[in-house]
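Down below is the structure, laid out as structure tokens.
Excluded from the calculations below are hydrogen atoms, water molecules and symmetry mates; all remaining heavy atoms, backbone and side chain alike, are included. Numbering of ligands and ligand atoms starts at 1, following listing order.
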Amino acid sequence: MENNLGNLYKNFGISEKDLTRAKKIETDLKETFDKLDEIKLYNQMKVLNAMQKAKLSDIHFGTSSGYGYNDIGRDKVEEVFANVFNTEDALVRPSIVNGTHALSICLNSQLMPGDTMLAITGKPYDTLDEVIGIIDAPLSLSQYGIKYKQVDLINNGDFDFENIKKNIIQDSSIKMIYIQRSKGYSTRKSLEVNQIGEVIKFVKEIKKDLIVMVDNCYGEFLTYGEPTDVGADIMAGSLIKNPGGGISITGGYIVGKKDLVERASQKLTCASIGKECGLTFGTNRANMQGLFLAPTVVNGALKGAIFLAKLFEEDGYKVFPASSDERSDIIQAVSFETKEEIIAFCKAIQLASPVDSFVVPEPWDMPGYDDEVIMAAGCFVQGSSIELSADAPIRKPYTVYFQGGLTYEHSKLGAMMAYNFVKDL
Ligand SMILES: *Cc1c(COP(=O)(O)O)cnc(C)c1O
């Protein structure tokens with residue numbers, strides 16, 4: 001049979017010239033991609049070891065009913081997560097509805113009235129505004145008398161050690177140090193695990209009983225370790241991002257010190273129940289299979305993000321991070337001059353999708369976000385941003401955030417189409 005690849009690409013508006021350029025970019029990126037493959041290998045071995053150590057077995061993929069007492073699958077999944085993240089315990093549940101919920105549970109379970117949370121990576125992800133009380137909400141932490149303080153990053157990505165220290169020394173009510181690893185909807189650098197390790201050591205030397213919490217969304221399997229390997233006490237993320245490998249259909253995880261995870265579980269369920277109840281609705285197998293595939297899926301998504309960075313960067317567009325930068329999450333930001341460019345970008349991503357490729361994304365008022373947001377996501381799992389997706393708040397600077405792709409090939413297609421759509425405006 002003939003190789004008709006060129007024709008298949010033509011259906012997506014990709015020309016021979018585009019393909020030649022893509023080849024050249026891949027050649028230029030070879031060294032970077034080789035390094036990422038080393039990281040993938042490391043994480044694949046780590047996950048496999050974690051599963052074998054926990055003696056994961058076919059019997060753990062069943063389901064229970066009612067209270068879910070003695071749900072051995074649920075306990076096993078949590079043991080595997082604790083092994084992967086090198087923590088004493090884990091809470092991995094389909095009843096954690098998303099990343100925001102996982103983070104909210106951590107905050108609400110560790111902080112008590114009179115305590116202060118100190119965010120040291122600037123303002124947290126938008127959906128936490130109401131959780132914290134940065135925007136008024138009846139059940140915000142602030143309504144319970146929990147205070148919030150913030151130290152911004154300096155130089156767009158370094159910790160402001162001096163101000164962090166000043167705050168901890170001057171305010172004895174500070175109980176928690178909050179770190180967001182990924183940039184989220186901002187154009188700062190994402191924090192590297194080593195950097196997080198340094199600041200944790202620094203704050204613990206000032207006051208050793210501070211609880212350090214990390215929002216690890218989008219950061220899993222990016223490098224040779226996770227924030228919990230360098231001293232984070234409690235950490236949370238979403239299963240429909242990196243650690244679900246595109247296979248998990250819902251859920252979030254919380255990992256960390258045993259007593260902290262126990263408190264989190266009592267917030268998720270209630271004081272008398274904690275981790276002991278709660279069905280997993282048959283999600284255990286998918287969560288384990290997803291976790292097993294996650295290092296490979298993250299690797300593909302990351303290569304796609306770097307490919308896209310290079311494609312736009314060579315043409316003089318502002319991209320964060322640059323194609324040659326170290327990465328600590330899978331998000332690729334590109335800034336444009338106009339709203340039309342981000343909309344064209346998102347339309348291209350939607351057209352490249354395996355699901356709902358025939359619908360046209362439009363900006364809308366999404367729950368939890370302050371500005372209108374446009375989202376392109378033709379995903380097998382709704383809203384799954386480990387799958388090829390792009391989103392942008394409609395505000396200046398017009399920055400679009402591109403992420404995911406269950407395979408590198410798909411992520412690359414999305415990148416090429418987005419580029420062509422923006423250029424054809
Ligand atoms: C995705 C994300 C979250 C949580 O978002 P959900 O959509 O609720 O899962 C929180 N923080 C960061 C940095 C994120 O990227």
Any N/O pair His101/ligand 1 closer than 3.5 Å: no
Ligand 1 to Lys241 polar contact by distance, N or O atoms, under 3.5 Å: yes
From Asp391, Asp215, Asn216, Ile96 - option closest to atom 12 (C) of ligand 1 by heavy atom: Asp215
Results of salt bridge (charged side-chain N to carboxylate O under 4.0 Å, His left out) for Glu314 - residues two or more places apart only: Arg21, Lys310
Those atoms of ligand 1 less than 4.0 Å from some heavy atom in Asn98: 8 (O), 9 (O)
Heavy-atom proximity to atom 6 (P) of ligand 1, best of Ile240, Thr121, Thr100: Thr100
Distance-only N or O hit between ligand 1 and Thr127, under 3.5 Å: no
Gly99-ligand 1 polar pair, N/O distance under 3.5 Å: yes
SB check Asp152 Lys123 (cutoff 4.0 Å): no
Contact with ligand 1 for Leu103, non-hydrogen, under 4.0 angstrom: yes
Numbered atoms and elements of ligand 1 in range of Gln180, under 4.0 angstrom, heavy atoms: 13 (C)
Heavy-atom neighbours of Lys53 NZ exceed 12 at 6.0 Å: no
Residue list, salt bridge (charged side-chain N to carboxylate O under 4.0 Å, His left out) with Asp160, at least two apart or on another chain: none
Any side-chain donor near an acceptor of the partner, Asn155 and Asp158, under 3.5 Å: yes
Row check, Tyr398 ring normal vs Lys339 NZ/CZ: under 6.0 Å, within 45°: no
Residues Tyr178 and Gln180: side-chain donor-acceptor under 3.5 angstrom: no
